[in-house]
Amino acid sequence: LKCEEPETIVAFVKKHVRGKLNVSAKVDGISCRLKYSGGKLVESATRGDGNYGEDLSEKIGYVKGIARNIPYDNEVDIRGELVILKSDFEDLSGFANPRNACAGIMNRKKTSKEWNVDDIGHVTFVPYTVLELEYTKAQQIELLEKWGFENVAWHQSFDMSCFKKDENLISAMFEYATQDLPYEIDGVVISDDEYRNEDKYRPDAQAAVKTNQLVAETTLIDVVFEGPSKNGVFVPVAVLEPVEIGGSMIARATCHNLDFIDEKGLTYGCGVKIIKSG
């Protein structure tokens, strides 16, 4: 769920936060899930669609910040983000920003001449959730640090009684989201501090608050259909007058489905506002 307006943020908190409110960094990287069994790392993959992701077993051994062994014998999954830390980005060239660098490096195929372990060595794993163990957010972060993970995602839990007025809640979130962290973030994630169905692709009691969206205005030139997907679906894609956002030239954007096109009143040559996220 995305909450981008003050009234929707307040409504979400009132509906879902039963005890403490947890505010954590929305780390701007590539979602990754690690599986441990018998204390050893046995699987690693991108989050993908929540069910299937890209296998990272050939690359994960070169990524920084990952505990290779943990003192826990049962199976457990750890969710986090693959990022290029700000300090490591200074050593790279040819990329517009840390997120583009991370995506470019991790998406390279082993057959590509650009594939090399030195570049992958600039990538760091930043965990934020321990699945299966129904611990509070604070307990999960404490456990990750105890298990030897580096650069655990920033978070803080608050007693809701400290927010006397709704505006205090909003201002606090944005204050915490603008901290000088070692990795790039694109907002915060708000949730109840208690563990609630976090193994879902989009947990019910979590919401993203975007604080620094990259927005630009351009012109719609055409709409084409791409596909079929593995589910046999064709998706309408907007062909745009190229425009720069966050160091990248954007010339295409998803239109999701025909209802979206109708609701937005999209026509050839109309002006559109596009947002780059994820």
Side-chain angles (χ1 to χ4, degrees), residues 1-17 20-33 46-48 50 65 79-86 89 96-103 123-129 137-138 140-141 144 151-158 160 162-163 166-193 196-198 200-217 244-248 250 253-254 256 273-278:
L1 177 66
K2 293 182 180 179
C3 292
E4 295 165 2
E5 301 297 333
E7 58 269 22
T8 58
I9 295 171
V10 172
F12 173 86
V13 171
K14 289 180 177 178
K15 179 178 180 181
H16 291 286
V17 178
K20 289 186 176 182
L21 169 72
N22 183 269
V23 181
S24 59
K26 188 175 184 300
V27 185
D28 191 18
I30 301 173
S31 294
C32 178
R33 187 164 174 159
T46 60
R47 194 175 179 189
R79 183 177 291 164
E81 296 280 312
L82 297 172
V83 302
I84 303 286
L85 300 182
K86 295 174 183 177
F89 184 65
N97 53 58
R99 192 185 191 287
N100 282 4
C102 186
V123 178
T124 296
F125 180 67
V126 179
Y128 53 77
T129 298
K137 288 291 185 183
Q140 290 177 47
I141 296 299
L144 288 166
N151 293 298
V152 176
W154 171 88
H155 88 107
Q156 194 162 342
S157 295
F158 302 94
M160 285 302 296
C162 70
F163 296 105
D166 293 341
E167 57 265 27
N168 292 345
L169 170 64
I170 306 302
S171 62
M173 286 182 192
F174 282 81
E175 177 184 346
Y176 299 128
T178 55
Q179 291 187 95
D180 185 18
L181 297 168
Y183 39 77
E184 297 284 353
I185 71 172
D186 59 347
V188 296
V189 175
I190 59 175
S191 66
D192 192 298
D193 192 54
R196 287 160 60 192
N197 60 26
E198 293 184 26
K200 288 182 62 176
Y201 183 62
R202 300 187 186 281
D204 298 332
Q206 288 187 7
V209 181
K210 305 285 282 189
T211 57
N212 60 338
Q213 289 181 334
L214 300 174
V215 181
E217 295 184 1
E244 183 177 354
I245 307 182
S248 303
I250 306 299
T254 181
H256 302 292
K273 181 184 291 185
I274 58 175
I275 300 173
K276 182 180 180 182
S277 61

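In what follows, residues are counted from 1 in the order of the sequence shown. The model shown is predicted, which means the values in this text are computed figures rather than measured ones.
- Shown here are the side chain to side chain contact (heavy atoms under 4.5 Å, CB included) partners of Val17, two or more places apart in sequence or in another chain: Val13, Leu21, Met160, Asp192.
- Under the 4.5 Å side-chain criterion, counting only non-hydrogen atoms from C-beta, Ser191 is in contact with Lys137.
- By the 4.5 Å heavy-atom criterion applied to side chains, Val189 and Lys26 are counted as neighbours.
- Considering only residues two or more places apart in sequence or on other chains, Ala103 meets the side chain to side chain contact (heavy atoms under 4.5 Å, CB included) condition with Ile30, Asn107.
- Atoms CD and CD1, from Glu217 and Ile245 in turn, are 10.5 Å apart once rounded to the nearest 0.5 Å.
- No hydrogens or angles considered: nothing links the side chains of Thr124 and Asn151 as a donor-acceptor pair under 3.5 Å.
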Apply side-chain contact (heavy atoms from CB on, under 4.5 Å) to Gln156 and Val23, showing your working. CA-CA 5 Å; Gln156 194 162 342; Val23 181; 5.5 Å; no
Might you work through the side-chain contact (heavy atoms from CB on, under 4.5 Å) test for Val83 and Glu184, ending with a clear yes or no? CA-CA 8 Å; Val83 302; Glu184 297 284 353; over 6 Å; no
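- Inter-residue side-chain proximity for Tyr183 and Trp154 is flagged as met; some heavy-atom pair is nearer than 4.5 Å.
- Of all heavy-atom pairs spanning Ala153 and Val126, the tightest one is N-CG1, 3.5 Å.
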Evaluate the criterion side-chain contact (heavy atoms from CB on, under 4.5 Å) for residue pair Phe125 and Cys32; output intermediate values, then yes/no. CA-CA 8 Å; Phe125 180 67; Cys32 178; 3.9 Å; yes
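- Among all heavy-atom pairs drawn from Val123 and Cys102, the shortest one is CG1-SG, 4.1 Å.
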Kindly indicate, with the supporting measurements, whether the criterion side-chain contact (heavy atoms from CB on, under 4.5 Å) is fulfilled by Asn22 and Ile190. CA-CA 6 Å; Asn22 183 269; Ile190 59 175; over 6 Å; no
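- Rounding to the nearest 0.5 Å places CZ of Arg99 at 10.5 Å from CG of Leu82.
- Residues Ile141 and His155 share a closest heavy-atom pair of CG1-CD2, 3.4 Å.
- Evaluation of the side chain to side chain donor-acceptor pair (under 3.5 Å) rule for Thr254 yields no partner, not counting sequence neighbours.
- Contact record, Leu144 with Pro127: CD1-CB, 3.9 Å, taken as the closest heavy-atom pair.
- The closest donor-acceptor contact from the side chain of Glu81 to the backbone of Gly29 lies under 3.5 Å.
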